[in-house]
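Every chain is numbered from 1, with letters handed out A, B, ... down the list of sequences. Quantities reported herein were computed from a predicted structural model and do not represent experimental measurements.
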Number of protein chains: 2
Amino acid sequence: MEKKLFITFLKERGLRFTKERTVILQKSLSFNGHFDPESLYHQIRKTGLKASRASVYRTLNLLCECGLIERVRKTDRGTIYESSFGHKHHDHMLCIRCGSIIEFYSEPLEKIQEKVCKKHGFLGANHTLEIRGYCKTCQKKKK
Amino acid sequence: MEKKLFITFLKERGLRFTKERTVILQKSLSFNGHFDPESLYHQIRKTGLKASRASVYRTLNLLCECGLIERVRKTDRGTIYESSFGHKHHDHMLCIRCGSIIEFYSEPLEKIQEKVCKKHGFLGANHTLEIRGYCKTCQKKKK
DNA sequence: CCATAATTGATAATGAGTCTCAATAACAAG
DNA sequence: CTTGTTATTGAGACTCATTATCAATTATGG
Ligand SMILES: [Mn+2]
Ligand SMILES: [Mn+2]
Ligand SMILES: [Zn+2]
Ligand SMILES: [Zn+2]
């Protein structure tokens, strides 16, 4: 499925579907939620598979371009990705105390964004909304 | 005004209000819109003032902590800031073709975010919304 | 003015991500 | 299957933003 999509994408550009790219694609999708390149790389090594750090970075860029994964955000320690195939669009709440993440989707929110875009003559392609604050647990602990 | 705020913030923490910090504060506020540390640093040198790169980075962190400036986003080439004192909260549309930025504010959008937070038991403190797409000009050029 | 502790800045260090380039592998055509 | 062409790989060098070091300097309260 995802493989097909990736292969098509590669062919269209005269790129090749290599062992390394297969491994990186599969591992990327194997993460349930968010992941970073370094974890992915270690995951690969741990499993006895092989792909260099360079290939990991290169392939993640390709996977982003073809829409199979997305950059969620850039932290001080690098970029966070998540697979976007099968997972429908959502935004994030990030607890600034414990780092936990809540994924949410709000139809009204999306609709209003479209309206706002139209109002400014802007053609929106995609967006990122990150709400920072305190999760339920951390609110209690603060007291 | 902003100076007062900064001084208070520093005192509370046993930090000192130095010449360098004065300069960096003033220049930060002097930018009308978005800016990055390197530009700020050059701006300072150009004016004959003095403050090292290290101090620029250190002070920008302090200014963020006390809320006088905000990190807008991290690009491949570093962090973008903007002064948040006097400027009320807004979000951004970013043209992925020409890089131009539209600042906007939508009351309904904010309200719905609050609702969504409540629904998830999340205590929102702040947020960033970036809509990427094509500005008016670039839409025309695409055709 | 003095003592103390924070600050500065030159410079080294860190770390994510990219680039280089010789060796290797994918793949299309025969 | 064999071959030729060309993309890919990976080790390591490199870039560049940002932070850490640390000796010399300076702000600040008394
Ligand atoms: Mn997510
Ligand atoms: Mn802005
Ligand atoms: Zn939390
Ligand atoms: Zn544009």
Practice prompt. Take A:His87 and A:Glu82 through the side chain to side chain donor-acceptor pair (under 3.5 Å) test and state the conclusion after the steps.
Written response: CA-CA 9 Å; A:His87 301 208; A:Glu82 81 182 324; 5.1 Å; no
Worksheet item: Has A:Tyr57 got a side-chain N or O lying under 4.0 Å from the OP1 or OP2 atom of C:dT18?
Response: no
Discussion item. Considering every strand and a 4.0 Å limit on heavy-atom distances, what is the contact class for A:Arg21: base, sugar-phosphate, or nothing?
Written reply: sugar-phosphate
Worksheet item: Is there a donor and acceptor pair, one atom on the side chain of B:Arg58 and one on the base of C:dG9, closer than 3.5 Å?
Response: yes
Worksheet item: Under 4.0 Å between a side-chain N/O of A:Lys50 and OP1 or OP2 of D:dG10, yes or no?
Response: yes
Acceptor/donor pairs from residues 1-18 of chain B side chains to any protein atom, 3.5 angstrom cut, sequence neighbours excluded:
| unit_1 | atom_1 | unit_2 | atom_2 | d |
| --- | --- | --- | --- | --- |
| B:Thr8 | OG1 | B:Lys4 | O | 2.9 |
| B:Arg13 | NH1 | B:Glu65 | OE1 | 2.8 |
| B:Thr18 | OG1 | B:Arg21 | N | 3.2 |

Item to complete: Walk me through it: do B:Arg132 and A:Thr128 pass the test side chain to side chain donor-acceptor pair (under 3.5 Å)?
Response: CA-CA 8 Å; B:Arg132 291 172 296 275; A:Thr128 323; 2.9 Å; yes
Discussion item. Classify the ring geometry of A:Phe35 against A:Phe31: parallel below 30°, tilted from 30° to 60°, perpendicular beyond 60°.
Written reply: parallel
Worksheet item: Within the structure, does a side-chain N or O atom of A:Asn61 lie under 4.0 Å from either OP1 or OP2 of C:dG17?
Response: no
Discussion item. When you measure from the side-chain N and O atoms of A:Ser55 to the phosphate of D:dT8, is any distance below 4.0 Å, counting only OP1 and OP2?
Written reply: no
Practice prompt. Check the distance between D:dA7's P and A:Glu12's CD and give it to me in whole angstrom.
Written response: 17 Å
Practice prompt. Check whether any side-chain nitrogen or oxygen of A:Lys19 sits under 4.0 Å from OP1 or OP2 of C:dA25, and answer yes or no.
Written response: no
Worksheet item: Between atom CZ in B:Phe17 and atom P in D:dT26, what is the gap in whole Å?
Response: 17 Å
Discussion item. Taking the nucleotide of DNA chain D with the nearest heavy atom to each, does B:Arg16 or B:Arg71 sit closer to the 5' end?
Written reply: B:Arg71
Worksheet item: Is B:Thr18 near enough to C:dA6 that one of its side-chain N or O atoms lies under 4.0 angstrom from OP1 or OP2?
Response: no
Practice prompt. Grab the CG-P distance between B:Leu40 and D:dT18 for me, whole Å please.
Written response: 12 Å
Worksheet item: What integer distance in Å separates B:Leu10:CG from D:dA27:C1'?
Response: 12 Å
Worksheet entry | Distance, rounded to the nearest Å, where B:Arg53 contributes CZ and C:dT14 contributes C1' | 17 Å
Practice prompt. Hey, which sits more toward the 5' end of DNA chain D by its nearest nucleotide, B:Lys11 or B:Arg77?
Written response: B:Arg77
Worksheet entry | Which residue lies more 5' along DNA chain C, comparing A:Tyr81 with B:Leu15 via nearest heavy atoms | B:Leu15
Worksheet, complete the sentence: In whole angstroms, the gap separating P of C:dA16 from CD of A:Glu38 amounts to 6 Å
Discussion item. Please report the distance, rounded to the nearest Å, between NE2 in B:His42 and C1' in D:dA17.
Written reply: 13 Å
Worksheet item: For A:Glu20 and C:dA23, what is the distance between atoms CD and C1' respectively, to the nearest whole Å?
Response: 13 Å
Worksheet item: By salt bridge (Lys or Arg N to Asp or Glu O under 4.0 Å), which residues pair with A:Glu38, not counting sequence neighbours?
Response: A:Arg53
Practice prompt. Compare the minimum distances between each of D:dT18, C:dA10, D:dG10 and the side chain of B:Thr79, then state the nucleotide with the smallest one.
Written response: D:dT18
